[in-house]
Amino acid sequence: MTVSEEIIRVAARGDGVTADGRYVAHAAPGDLLDPNGGLIHGPHHATPPCQHFPLCGGCQLQHLDEESLRTFIADRVTHALATQQVDIGEVMPVHLSPPATRRRVAVRSAWAGKQLQLGFSTEKSHRIIDLRQCDVMTPQLFALLQPLRELLGPRLNRARQVQIKLATVDQGVDVLIENWIANDLDTHEALSEFSKAHGLARLSLDEGFGPVPFWEPEPVTVTLGGVAVAYPPYGFLQATPDGEAALIAAVHQIVGEKSIVADLFAGLGTFALSFDAQRKIYAGEADREAIAGLKSAAGRAGRSVFTEHRDLFRRPLSSEELNKFGAIILDPPRAGAKEQVAQLAESKVADIAYVSCNPASFARDAKTLVSAGYRLQRIWPVGQFRWSTHIELVGHF
């Protein structure tokens with residue numbers, strides 16, 4: 001068997017790749033192509049733990065062992081940067097979240113005959129895999145799927161599909177049901193009984209005009225940096241607590257002892273609230289509900305956080321504004337922060353901690369900063385979405 005028939009790496013979408021460029025589904029590094037068209041498993045090919053793999057779109061990489069998973073995560077980052085000709089000073093060890101720790105998930109409904117299904121879509125289609133096992137989400141979230149089937153099955157119009165969004169919060173589980181109208185007394189009573197029986201923190205319905213809490217015995221919060229912050233229905237959270245801690249630790253290494261820091265795209269305050277009250281933090285965020293929650297929580301806790309409701313795509317901080325800070329934390333959505341990075345490139349800020357969930361947009365922005373004289377000293381790859389091709393990272397400029 002020739003070297004060209006060996007899988008040497010895993011591509012961005014999870015396919016194995018041979019030395020001569022052939023793509024092979026569900027292949028791990030070290031696997032060999034069988035001349036008869038099959039695949040001979042090598043030392044890095046793992047037995048997928050979930051009965052739904054590979055049909056379920058929630059995971060693409062359950063056939064990889066731990067070493068290959070970590071290599072894939074690091075390679076996603078380094079390859080993206082290489083395509084933009086950006087040099088990296090140091091790649092830190094990969095942080096990989098353990099199974100059954102994802103605390104925020106969204107599942108969809110579908111009908112199979114008389115059976116209501118709840119689960120994730122298959123890869124590259126809208127077909128739903130009815131989850132009877134999930135090694136990704138926390139057991140607390142997974143345990144709600146069957147009760148939700150029993151609640152919705154008799155009451156859901158078969159022409160209607162709903163999306164159910166679940167998140168772990170301080171008070172338990174936050175549930176948001178989208179695209180469902182519950183307008184009769186029997187349904188209202190059933191929802192109340194369901195919420196009580198399962199000890200929900202909150203149950204919200206979105207009939208197309210935004211989430212409306214139906215059940216919320218006490219205000220729902222998430223604790224960030226030791227501070228309880230008001231949590232909007234299915235608001236943004238880092239996917240796993242350990243992944244969040246890894247990102248925060250990297251950001252703190254970059255910021256060091258600097259006393260005046262800007263947290264851009266601050267959200268609910270994952271990074272802003274991770275610093276003690278001695279630091280002065282500016283937090284900019286376009287989501288009005290999130291920034292209002294951060295402002296209120298920081299005030300109650302006595303944290304020195306100045307908040308601003310600001311769209312950093314349309315109105316980024318100027319280079320003059322940025323120069324007031326010793327360090328900048330940047331945590332944009334998947335599109336990156338092209339407009340804000342252009343201003344950073346013209347600034348004199350000493351250190352930038354760039355948190356990203358998209359290696360491609362990160363690499364594009366990194367090229368802008370490096371072209372302006374910054375150096376990418378270090379990156380921390382983080383695999384919060386275990387067995388998924390979705391990765392995160394922190395870069396130090």
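Quick note: residue numbers are just sequence positions, from 1. All heavy atoms count here, side chains included; hydrogens, waters and symmetry mates do not.
Between the side chain of Gln161 and the main chain of Ala110, no donor-acceptor pair closer than 3.5 Å is present.
Using modelled atom types and a 3.5 Å distance limit, the side chains of Ser192 and Glu189 yield no donor-acceptor pair. Side-chain contact annotation: Thr240 with Ser97, donor-acceptor N/O pair under 3.5 Å present. Between the side chains of Gln146 and Glu150, a donor-acceptor pair is found at a separation under 3.5 Å. Defined by atom type and a distance below 3.5 Å, a donor-acceptor pair is present between the side-chain atoms of Arg300 and Ser296. Under the 3.5 Å distance criterion, with hydrogens and angles disregarded, a donor-acceptor pair is assigned to the side chains of Asp65 and Ser68. A side-chain donor from one of Asp242 and His95 sits under 3.5 Å from a side-chain acceptor of the other. Judged purely by distance below 3.5 Å, without hydrogens or angles, the side chains of Asp174 and Tyr234 never pair a donor atom with an acceptor atom. Under 3.5 Å, the side chains of Gln171 and Thr221 contain a donor-acceptor pair of N or O atoms. Side-chain contact check for Gln133 and Asp135: at least one donor-acceptor pair (N or O, by modelled atom type) lies under 3.5 Å.
Among all heavy-atom pairs drawn from Pro333 and Cys357, the shortest one is C-SG, 4.2 Å. Smallest separation of non-hydrogen atoms from Ala228 and Asp170: CB-OD2, 4.3 Å. The two residues Ile73 and Gly383 make their nearest non-hydrogen contact at CD1-CA, 3.7 Å. Closest approach of Leu81 to Ala366, counting heavy atoms only: CD2-CB, 3.9 Å.
Distance check, rounded to the nearest 0.5 Å: CD1 of Ile177 to CG of Asp206 gives 11.0 Å. Note that the CD1 atom of Ile328 and the CD atom of Gln340 stand 7.5 Å from one another [nearest 0.5 Å]. Residue Arg102 holds its CZ atom at 12.5 Å from CG of Leu166, rounded to the nearest 0.5 Å. Glu216 CD to Arg202 CZ: the interatomic distance, rounded to the nearest 0.5 Å, is 4.5 Å. Distance check: Arg108 CZ to Glu178 CD gives 11.5 Å after rounding to the nearest 0.5 Å. Note that the CG atom of Asp263 and the CG atom of Asp331 stand 7.5 Å from one another [nearest 0.5 Å].
The pair Glu308-Arg315 meets the salt-bridge criterion, with a side-chain N (NZ, NE, NH1 or NH2) lying under 4.0 Å from an Asp/Glu carboxylate O. A salt bridge links Lys258 with Asp351: at least one charged nitrogen is closer than 4.0 Å to a carboxylate oxygen. The pair Glu392-Arg386 does not meet the salt-bridge criterion, since no charged nitrogen lies less than 4.0 angstrom from a carboxylate oxygen. The pair Arg310-Glu285 fails the salt-bridge criterion, with no side-chain N (NZ, NE, NH1 or NH2) lying under 4.0 Å from an Asp/Glu carboxylate O. One finds no salt bridge joining Asp186 and Arg155 here, because no Lys/Arg side-chain nitrogen approaches an Asp/Glu carboxylate oxygen to under 4.0 Å. Salt bridge Asp130/Arg132: present, at least one basic N to carboxylate O contact under 4.0 Å.
Two residues are said to be in side-chain contact when any heavy atoms from C-beta on lie closer than 4.5 Å; Val17 and Val10 fail this criterion. Residues Trp387 and Pro99 meet the side-chain proximity criterion, which asks for heavy atoms closer than 4.5 Å. Side-chain contact between Leu61 and Phe72 is present, with at least one heavy-atom pair separated by less than 4.5 Å. Looking at Gln163 and Leu176, their side chains never come closer than 4.5 Å, going by heavy atoms from C-beta outward. No side-chain heavy atom of Val305 sits less than 4.5 Å from a side-chain heavy atom of Lys295. Between Pro147 and Phe194, the closest side-chain pair of non-hydrogen atoms falls below 4.5 Å.
One hydrophobic cluster holds both Ile88 and Phe362 under the rule that ILVMFWY side chains link at heavy-atom gaps under 4.5 Å. Both Ile329 and Met92 are members of a single hydrophobic cluster when ILVMFWY side chains are connected at heavy-atom separations under 4.5 Å.
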Derivation and outcome, side-chain contact (heavy atoms from CB on, under 4.5 Å), residues His396 and Ile352: CA-CA 6 Å; His396 179 194; Ile352 302 169; over 6 Å; no
Val394 vs Ile254, side-chain contact (heavy atoms from CB on, under 4.5 Å): CA-CA, chis, key distance, verdict: CA-CA 10 Å; Val394 182; Ile254 297 166; 3.7 Å; yes
side-chain contact (heavy atoms from CB on, under 4.5 Å) evaluation trace for Val94 with Trp380: CA-CA 7 Å; Val94 171; Trp380 289 261; over 6 Å; no
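Ring-centre distance between Phe265 and Phe271: not below the 6.0 Å cut-off. Ring centers of His252 and Phe275: under 6.0 Å apart, within the cut-off.
Using the six-membered ring where Trp is involved, His188 and Phe214 have ring planes that are perpendicular, over 60° apart on the 30 and 60° scheme. Ring-plane geometry between Tyr374 and Phe397 is classed as perpendicular, the angle between the planes exceeding 60 degrees on a 0 to 90 degree scale with a lower cut at 30.
The side-chain hydrogen bond (donor to acceptor under 3.5 Å, both in side chains) test with Gln238 is passed by exactly one of Arg103, Gln384, Glu244: Gln384.
The environment of CZ in Arg13 is sparse: at most 12 heavy-atom neighbours from other residues, nucleotides or ligands sit within 6.0 Å.
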